[in-house]
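Just so it is clear: chains get the letters A, B, ... in the order the sequence lines come, proteins before strands, and each one is counted from 1.
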There are 2 protein chains.
Amino acid sequence: MATMRDVAMAAGVSSSTVSHVLNGTRRVAPDTADRIRRAMEALDYQPDDTARSLRTRRSYTLSLLVSDISNPFFSALVKGVEDTAQASGFRLLICNTAEDVSKESAYIKSLLQRRVDGIIISPAGEESQAVEELLGRSVPCALVDRVVPRLAVDAVLSDNYAGAYEAVKYLLERGHVRIGVVLGLMHLSSTRERLAGHEAALRDRDLAPDPALLVQGKSCIDGGAAACNALLEMADPPTAIFTLNNLMTMGAAGVLLRHPKRRCPQDVSLIGFDDSPWADITNPPITTVAQDPYAIGAAACDLLLARLECGAAAPSKVVRIPTRLVERESVGSARPHKTPHGGKEVRGSEQAGSRRKAKPNR
Amino acid sequence: MATMRDVAMAAGVSSSTVSHVLNGTRRVAPDTADRIRRAMEALDYQPDDTARSLRTRRSYTLSLLVSDISNPFFSALVKGVEDTAQASGFRLLICNTAEDVSKESAYIKSLLQRRVDGIIISPAGEESQAVEELLGRSVPCALVDRVVPRLAVDAVLSDNYAGAYEAVKYLLERGHVRIGVVLGLMHLSSTRERLAGHEAALRDRDLAPDPALLVQGKSCIDGGAAACNALLEMADPPTAIFTLNNLMTMGAAGVLLRHPKRRCPQDVSLIGFDDSPWADITNPPITTVAQDPYAIGAAACDLLLARLECGAAAPSKVVRIPTRLVERESVGSARPHKTPHGGKEVRGSEQAGSRRKAKPNR
DNA sequence: CGGTAGAGTGCAATCGATTGCCGCAATCGA
DNA sequence: TCGATTGCGGCAATCGATTGCACTCTACCG
């Protein structure tokens, strides 16, 4: 492959002039520039980014560390980051941490050797020393989906608290007071914020959160299924279930679809945090608190690019992307229940009945 | 950040010795080596991959070009590639081509500048000149999901023909003879192979494929929904629908879920190519021809890594990953139909009735 | 006519590793 | 005792760009 030297010889100039034409870094006589451009064309010259990076200390590469690319939430987020990076001429290095702090550290080490310009990460740990180290080395960095407490770093997150609050309020308005919660990983700020939103909504109705209704499982489909089963088998089971992430929602939906006795939404309601395309075609279609992972990714990338411009000095920003309650058919009114206040709470909620309404698809 | 020179000075040796210790490329006295390793430790030395790449012409980076990372098929494939690459010490650069040939070319150009060691690509075009150019420059390369005819290049694909054949055979055995097909992009080899499998299955039963039953739409959820509607509104509609990719299956499932008159599987059966986790919790759960995108990605990465070893000389390989029919509840027996042979074809098929069988979740 | 400004360009150091070539000392075999 | 081998390690060129410095012309001003 042709080098800058080759181009320079062909055009009868020195390589510095070629470089300056390439980058527009100083005035070059128009006809010289033309000659050089023609030589580039003729030789099919492509600058070597490796050499350029070595010299300039910039790689025009960003990196994204997520816990599971094949999770629809993250794959949409990846797309948001990729599109944004691409639009600014950056390439994107993807890494899968599988929620494993040591894998995360190993990746970061390798990325630093690679001289990536910046890193977007959904940190696996609670007190990610990996992130702390990045900041220490003043590597531009942005967090997504989760924050690490007490670290001044750019971050983009869903408004988890408000989203969960809204979901639980929605359930309460339909008469549900015993609400089972299927928790994800408790060391993640996203989970904790959602739980906090849940509890706040209860308290605002003067209801005390019942720890017995909180079930934790592996943060995956099977974990959600198991947790859902656990809730349904309680002596005094909840009338509604709130699943705190998409995979667990899917697990719960699977259980309810096949449950021999409890039907959704007649017997048990289901509401999930994080929407997915498939939530619209389940039985019943699932009411969810939709996040906007694409927007989260795009915003994080914007934040990171801005920081590349302005340096570490500028104060760090936290962006909250609003959630949106997507009403479908998995939430019904609570049956009149032994709970004394049950009946009173029921309001004119939509009867979740026929699933075959002619409603536009999506 | 410390350089190799710094380490060398600290250990009182020349940088070449440091390099040889780092790479194990020649004998170094044990105590010297120890001294060097301690110096590395003390200075927190990390070799600069940029400089290394410049010198060695290898970047230890692979790239993956896919049409849509957020499509579950591709996101699982990405994961397969990433895990495999990572295990061999390679990093992975991800690019989203959005089925756009010009974006594809632009990406490839940029990747070549970056000196990636190899490229895995699901080519967007029919006659991808991008791929042709890669081969021309002898850039190690592997295709996934689709092939480009007449190009000798490594590739990993589902056994599309056999998978589609099996799906259609399954329908035929249940008495369906009028089978509507929802097609994806016709210029992709995957679509064409699936269609060929469909037609072969019909012919083996002495049935002539009816072009009127082939509907094409945009290869997305809405496209699948529109195509499904088109089939249902025909004067003489099919008794079963075969959707040729996952997104279109989702669209069709959404239409059937809400259709005022035609119910699935009683009135119309649905079978999809490419499985997804959500196919198990739809109404009804959808019978699909499962692909193994993770395995496809992993195999493609293995092929690519092997080629990096053996060079362009070795003959190119095409690996076919088998599909697997996942029987759920979206396919029923065809109603006795005006078609004369209809009744005879019906065999002891499972009656798709109660959806609430207690079946283990997944 | 000397001085200066500005346009246009080249030289060579530099980024941080890798690697061919060579030198020195110790050991070995004859 | 001498040449050969082996172990160990330094020197310096190299990969392909970027960039500070300096140089040569013109043109123009006073």
Using a 4.0 Å heavy-atom cut-off to protein, can you give one letter per nucleotide of nucleotides 16-26 of chain C, 5' to 3': B if the base is in contact, S if only the sugar-phosphate is, - if neither? BBBB-B-----
Using a 3.5 Å limit on both distances, find every run of at least three consecutive Watson-Crick or G-U pairs that involves DNA chain C. C:1-30 with D:1-30
Using side chain to side chain contact (heavy atoms under 4.5 Å, CB included) as the criterion, list what pairs up with A/R27, not counting sequence neighbours. none
Applying side chain to side chain donor-acceptor pair (under 3.5 Å) to A/S122 and not counting sequence neighbours gives none
Hits for side chain to side chain contact (heavy atoms under 4.5 Å, CB included) against B/A299, two or more places apart or cross-chain, chain-then-number order -> B/V156, B/I321
Distance-only donor-acceptor hits, side chain of residues 75-83 of chain B, under 3.5 Å, sequence neighbours excluded:
{"unit_1": "B/S75", "atom_1": "OG", "unit_2": "B/P72", "atom_2": "O", "d": "3.3"}
{"unit_1": "B/K79", "atom_1": "NZ", "unit_2": "A/D68", "atom_2": "OD1", "d": "3.1"}
{"unit_1": "B/E82", "atom_1": "OE1", "unit_2": "A/Y107", "atom_2": "OH", "d": "3.1"}
{"unit_1": "B/E82", "atom_1": "OE2", "unit_2": "A/Y107", "atom_2": "OH", "d": "2.7"}
{"unit_1": "B/D83", "atom_1": "OD2", "unit_2": "B/Y294", "atom_2": "OH", "d": "2.6"}

What residues form a side chain to side chain donor-acceptor pair (under 3.5 Å) with B/T17, not counting sequence neighbours? none
note: B/R27, atom CZ; D/dT6, atom C1'; distance rounded to Å ~ 10 Å
ring-ring contact (aromatic ring centres under 6.0 Å, His included) contacts in which one or both residues fall within residues 6-55 of chain B, not counting sequence neighbours: none
Under 3.5 Å, sequence neighbours excluded: what are the donor-acceptor pairs made by side chains of residues 302-314 of chain A?
{"unit_1": "A/R307", "atom_1": "NE", "unit_2": "A/D154", "atom_2": "OD2", "d": "2.6"}
{"unit_1": "A/R307", "atom_1": "NH1", "unit_2": "A/G311", "atom_2": "O", "d": "3.2"}
{"unit_1": "A/R307", "atom_1": "NH1", "unit_2": "A/A312", "atom_2": "O", "d": "3.4"}
{"unit_1": "A/R307", "atom_1": "NH1", "unit_2": "A/A314", "atom_2": "O", "d": "3.2"}
{"unit_1": "A/R307", "atom_1": "NH2", "unit_2": "A/D154", "atom_2": "OD1", "d": "3.4"}
{"unit_1": "A/R307", "atom_1": "NH2", "unit_2": "A/A314", "atom_2": "O", "d": "3.2"}
{"unit_1": "A/R307", "atom_1": "NH2", "unit_2": "A/P315", "atom_2": "O", "d": "3.1"}

Any ion pair linking B/R192 and B/E126 (charged N to carboxylate O, less than 4.0 Å)? yes
